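Following: one structure in structure tokens, then a few remarks.
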Amino acid sequence: MDCKIVAATNNKNKLREFKEILSPLGYQIVSLKDLGIEIEVEETGKTFEENSMLKAKAILEATGMASLADDSGLEVDALGGEPGIYSARYCEGSDADRVAFLLDKMKDVPDGKRSARFVSAITLMFTDGDIVTARGTCEGKIAHEPAGKNGFGYDPIFFVESYGKTFAELSPEQKNMISHRGNALSELQRQLI
Ligand code: ITT
């Protein structure tokens, strides 16, 4: 296959994780910034999969290159699956503001009811129209307060039982081994073999 792929994302942390996970497998990940392209794809889909597909298609059409998109988010059971596909837009402001907003919503939720999962839907779209999709999840719990400085987004409040730490307290390698995005990209890789 063509090993040069454009990452259909404006999120520099996703781009970094794509490179960390896929470069050792021989894929060359090119960013929109590398290509001097500025596009904000409207995420009008109702599912992670639909939005992932919309991003991959728009970027393939804009670049003429095979494209790799991720649509992802955090599903909190006590909040009926919120923020879900709206994770990046849950409230205005920074990642820290969204973390504070979510923690406030969870302030009366007891330990036993704080289950949550990260979900990632990946779409790899080739120039000949072929499409490969994969979904990955990672189960955890919403912590009572932020901990750790690594990662991005909701990482400081996503507590993973197996490590006894939040995603933000893990090294990039540890996070990628168990994360929703790592799992989705492993599944994608399995489909490509
Ligand atoms: P692109 O659409 O340009 O890829 P985005 O950040 O807008 O970037 P999404 O619409 O898929 O991407 O929103 C994903 C949001 O979900 C992201 O901004 C975080 O708030 C959250 N999220 C996803 N993966 C995460 C992770 O590994 N760690 C922490 N938060 C994550």
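All figures in this text were calculated on a predicted structure; none of them were measured in a lab. Residue numbers run from 1 in the order of the sequence given. All ligand and atom numbering here is 1-based and tracks the order in the structure.
- For ligand 1, the atoms sitting less than 4.0 Å from at least one non-hydrogen atom of Phe118 are 22 (N), 25 (C), 28 (N), 29 (C), 30 (N), 31 (C), numbered in the order shown with element in parentheses.
- The shortest contact between atom 9 (P) of ligand 1 and any protein heavy atom is with Lys14 NZ, 3.5 Å.
- Side chain to side chain, Asn176 and Ser179 fail the donor-acceptor criterion of an N or O pair below 3.5 Å.
- Look at Lys55 and Glu43 and you find a salt bridge, because one of the NZ, NE, NH1 or NH2 atoms lies within 4.0 Å of a carboxylate O, short of that distance.
- Under the 4.0 angstrom criterion for non-hydrogen atoms, Tyr154 is in contact with ligand 1.
- Annotation for ligand 1: atoms under 4.0 Å from non-hydrogen atoms of Glu43 are 2 (O), 10 (O).
- Looking only at heavy atoms of the protein, atom 8 (O) of ligand 1 is closest to Asn11 CB, 3.4 Å.
- Residue-ligand proximity, Lys175 to ligand 1, at heavy-atom distances under 4.0 Å covers atoms 26 (C), 27 (O), 28 (N).
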For this session: Determine, stepwise, if the pair Ile29 / Lys19 fulfils side chain to side chain contact (heavy atoms under 4.5 Å, CB included).
Result: CA-CA 6 Å; Ile29 303 298; Lys19 287 182 176 171; 3.9 Å; yes
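- Of the protein's heavy atoms, Ser72 OG, 3.2 Å lies nearest to atom 23 (C) of ligand 1.
- Here the side chain of Glu17 pairs no donor or acceptor atom with the backbone of Lys14 at under 3.5 angstrom.
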Problem set entry | side chain to side chain donor-acceptor pair (under 3.5 Å) between Ser94 and Asp97, intermediate numbers included | CA-CA 5 Å; Ser94 64; Asp97 293 326; 3.2 Å; yes
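- His180 counts as a contact of ligand 1, since one of its heavy atoms falls under 4.0 Å from the ligand.
- Closest heavy-atom contact between Asn51 and Arg89: ND2-NH2, 4.4 Å.
- Under 4.0 angstrom from ligand 1, there are no non-hydrogen atoms of Phe158.
- Side chain to side chain, Ser72 and Arg181 meet the donor-acceptor criterion of an N or O pair below 3.5 Å.
- With a 4.0 Å cut-off on non-hydrogen atoms, Arg98 does not touch ligand 1 at all.
- Remark: ligand 1 atoms within the under-4.0 Å shell around heavy atoms of Asp71 are 9 (P), 10 (O), 11 (O).
- The distance from ligand 1 to the heavy atoms of Gly153 drops below 4.0 Å at these ligand atoms: 29 (C), 30 (N).
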Exercise. Hey, mind stepping through Arg117 and Asp77 against salt bridge (charged side-chain N to carboxylate O under 4.0 Å, His left out) and telling me if it holds?
Worked result: CA-CA 8 Å; Arg117 73 204 49 77; Asp77 293 328; 2.9 Å; yes
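- Near Ala88, meaning under 4.0 Å from any of its heavy atoms, are these atoms of ligand 1: 7 (O), 13 (O), 15 (C), 18 (O).
- For the ligand labelled ligand 1, residue Leu74 lies outside the 4.0 Å heavy-atom shell.
- Looking from atom 2 (O) of ligand 1 to the surrounding protein, the closest heavy atom is Lys55 NZ, 2.7 Å.
- Residue Gly73 places a heavy atom under 4.0 Å from ligand 1.
- Of the polar atoms of Glu17, none of the N or O atoms is found under 3.5 Å from an N or O of ligand 1, judged by distance alone.
- Atoms CG and CG, from Leu79 and Leu102 in turn, are 6.0 Å apart once rounded to the nearest 0.5 Å.
- Thr9 OG1, 3.4 Å is the protein heavy atom nearest to atom 1 (P) of ligand 1.
- The six-membered or imidazole ring of Phe167 lies near that of Phe118, with a centre-to-centre distance under 6.0 Å.
- No N or O atom of Asp95 sits closer than 3.5 Å to an N or O atom of ligand 1.
- Checking Glu82 against Tyr90 by side-chain atom types alone, a donor-acceptor pair falls below 3.5 Å.
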